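Hydrogens, waters and symmetry mates play no part in the numbers below; they use all other heavy atoms, side chains included. Keep in mind the model is a prediction, meaning the values are calculated, not measured. Numbered from 1 within each chain, the chains take letters A, B, ... in sequence-line order.
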Protein chains: 2
Amino acid sequence: MYTIGQMADMFQIPISTLRYYDKEGLFPGLERSGGIRRFSEKEAEALRVIECLKKSGLEIREIKTFMEWCAEGSSTYEKRRELFVQQEKAVIEEMRRLEKTLAMIRYKQWYYEQALKDGTEDRVRQMEPEEMPEKIRAFYELAFEDMEPERRRA
Amino acid sequence: MYTIGQMADMFQIPISTLRYYDKEGLFPGLERSGGIRRFSEKEAEALRVIECLKKSGLEIREIKTFMEWCAEGSSTYEKRRELFVQQEKAVIEEMRRLEKTLAMIRYKQWYYEQALKDGTEDRVRQMEPEEMPEKIRAFYELAFEDMEPERRRA
DNA sequence: CCTTGACCTAAAGTCAGGTTTAGGTTCTAT
DNA sequence: ATAGAACCTAAACCTGACTTTAGGTCAAGG
């Protein structure tokens, strides 16, 4: 059993955040003795899951729902599994988005290298993909692949 | 030249957001005729860059700084290049974080598959990494690799 | 006894990034 | 010339996820 202060130290997270999570219902069934919260291994495990689900993009309200399922026991295993299947999709989608962003960033690095070399953006700004080095063209095309023609050309 | 409404249609973004960006200084040198904003290809290009920088995690204030550099001309090419080098690092870092999250999610999917099969979490909850299938152990270890021992075991 | 430290609550405040509202102005087509 | 659409501003409001504040309880140590 841990006090709120011990939990905060262990997880390197402010006490106020733990109280906030509790208020939002993220620790269903958290015990108290004389008004004081008594955290157990169960809440420690909950907190690890909370951190994971937060990183994967879930909101506090949704995490609350998940924690309620956990409290309900074995009848909710399937729901919980499905939630992780859902989150896998969401995280993969986010990673794909970041890969495009990365391609745009790398294209822009090259763009400014050229501008520096030339002393002006004029040449590189007008360059068609066909004229770019192969690697750069690949970045350019990945970055803009699903943009409307009029939105292309950054 | 485009009106604010045409820009909003073109970029599929609310008019109010364009006005907000303008108020925050993201279109330095935006022209007006009789109080009405006149967007040009320059602002369209700015907006594409804004979207990219936002996705890469920059705040509006930082994007404003970048746009001011753009308005200053060729003397800021090096600064702009450096910003994209910085953002590349930030995005790669974020992707690494997401990969760990993904490993935890996949471990949890397997965990609930086992719980469903057994009808209880008891077995899988107590399982040591050594007993897990190799693939799952890899997820488990990636997910928890830099956690303190007492914070491990989700 | 009384101070200190760790805990408690409710409510207000903060921050980012917008969105909505209220009240005007300008452009466009009849 | 006038209606309606599209534009304008300032300021208030919103959401999510916390954090801070103000005021209070309680146990241990000097």
Side-chain angles (χ1 to χ4, degrees), chain A residues 1-40 43-44 46-68 87 90 94 97 101, chain B residues 1-40 43-44 46-68 87 90 94 97 101:
Chain A
M1 286 288 180
Y2 315 107
T3 67
I4 199 169
Q6 289 169 332
M7 286 290 278
D9 283 354
M10 216 150 68
F11 284 87
Q12 296 280 70
I13 166 183
I15 289 180
S16 61
T17 302
L18 289 171
R19 291 208 262 251
Y20 166 69
Y21 285 171
D22 184 26
K23 205 177 52 177
E24 295 301 306
L26 265 47
F27 304 122
L30 173 59
E31 287 181 42
R32 283 170 185 247
S33 71
I36 287 174
R37 295 176 182 82
R38 318 257 0 242
F39 291 82
S40 70
E43 279 77 37
L47 202 41
R48 282 177 219 114
V49 175
I50 288 166
E51 292 187 336
C52 165
L53 293 179
K54 258 167 48 81
K55 280 187 224 158
S56 81
L58 248 63
E59 293 178 9
I60 299 294
R61 254 196 332 280
E62 305 173 288
I63 297 176
K64 177 190 177 173
T65 302
F66 180 81
M67 291 305 163
E68 285 165 355
Q87 283 321 100
E94 173 68 5
R97 216 182 50 81
T101 301
Chain B
M1 287 286 183
Y2 315 108
T3 67
I4 199 169
Q6 289 170 330
M7 285 290 278
D9 283 353
M10 215 149 69
F11 284 87
Q12 297 279 71
I13 170 181
I15 287 180
S16 61
T17 302
L18 288 171
R19 291 209 260 249
Y20 166 69
Y21 286 172
D22 184 25
K23 203 176 53 176
E24 295 302 307
L26 265 48
F27 303 122
L30 172 61
E31 287 180 41
R32 283 169 185 248
S33 71
I36 288 176
R37 294 176 182 83
R38 317 255 6 238
F39 291 82
S40 70
E43 278 77 37
L47 201 42
R48 283 178 218 113
V49 175
I50 288 167
E51 291 186 334
C52 167
L53 293 178
K54 258 167 49 80
K55 282 189 224 155
S56 82
L58 246 64
E59 294 179 9
I60 299 292
R61 254 195 332 281
E62 305 174 287
I63 298 176
K64 176 190 176 173
T65 302
F66 179 82
M67 291 306 164
E68 285 165 355
Q87 282 322 100
E94 174 68 5
R97 218 183 48 83
T101 301

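The side chain of B:Arg37 lies closest to D:dC8, out of C:dC8, D:dT19, D:dC8. Considering only side-chain atoms of B:Arg61, the nucleotide from C:dA16, C:dT26, C:dG17 that sits closest is C:dA16. The side chain of B:Pro14 lies closest to C:dT19, out of C:dT19, D:dA17, C:dC27. Among D:dC8, D:dC18, D:dT20, the nucleotide with an atom closest to any side-chain atom of B:Ile4 is D:dC8. The side chain of B:Tyr20 has C:dT19 as its nearest neighbour among D:dC7, C:dT19, D:dT19. Here D:dC18 is the nucleotide among D:dC18, C:dC7, C:dT19 with the atom lying nearest to any side-chain atom of A:Lys54. Of all nucleotides listed (D:dC18, D:dC7, C:dC7), D:dC18 comes nearest to the side chain of A:Tyr21. Distance from the side chain of B:Ser16 is smallest to C:dT19 among D:dT20, C:dT19, C:dC27. Closest to the A:Arg32 side chain, of the nucleotides D:dA17, C:dC8, C:dG18, is C:dC8. With D:dC18, C:dT19, C:dC7 as the choices, the nucleotide that has an atom nearest any side-chain atom of A:Ile60 turns out to be D:dC18.
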TODO: Determine, step by step, whether A:Ile60 and A:Tyr20 satisfy the side chain to side chain contact (heavy atoms under 4.5 Å, CB included) criterion, reporting the C-alpha distance in whole Å, the side-chain angles of both residues, the deciding distance to 0.1 Å, and the verdict.
DONE: CA-CA 10 Å; A:Ile60 299 294; A:Tyr20 166 69; 4.1 Å; yes
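Side chain of B:Gln87 to backbone of B:Ser56: a donor-acceptor contact under 3.5 angstrom is found.
When the nearest nucleotides of DNA chain D are assigned to B:Ile15 and A:Gly34 by heavy-atom distance, the more 5′-ward of the two goes with B:Ile15. Nearest-nucleotide mapping onto DNA chain C: of A:Phe39 and A:Lys23, the residue sitting toward the 5' end is A:Phe39.
Side-chain contact check for B:Glu68 and B:Thr65: no donor-acceptor pair (N or O, by modelled atom type) lies under 3.5 Å.
The distance between atom CE of B:Met7 and atom P of D:dC8, rounded to the nearest whole Å, is 12 Å. At whole-Å resolution of the value, CG in B:Leu18 and C1' in C:dG18 are 12 Å apart.
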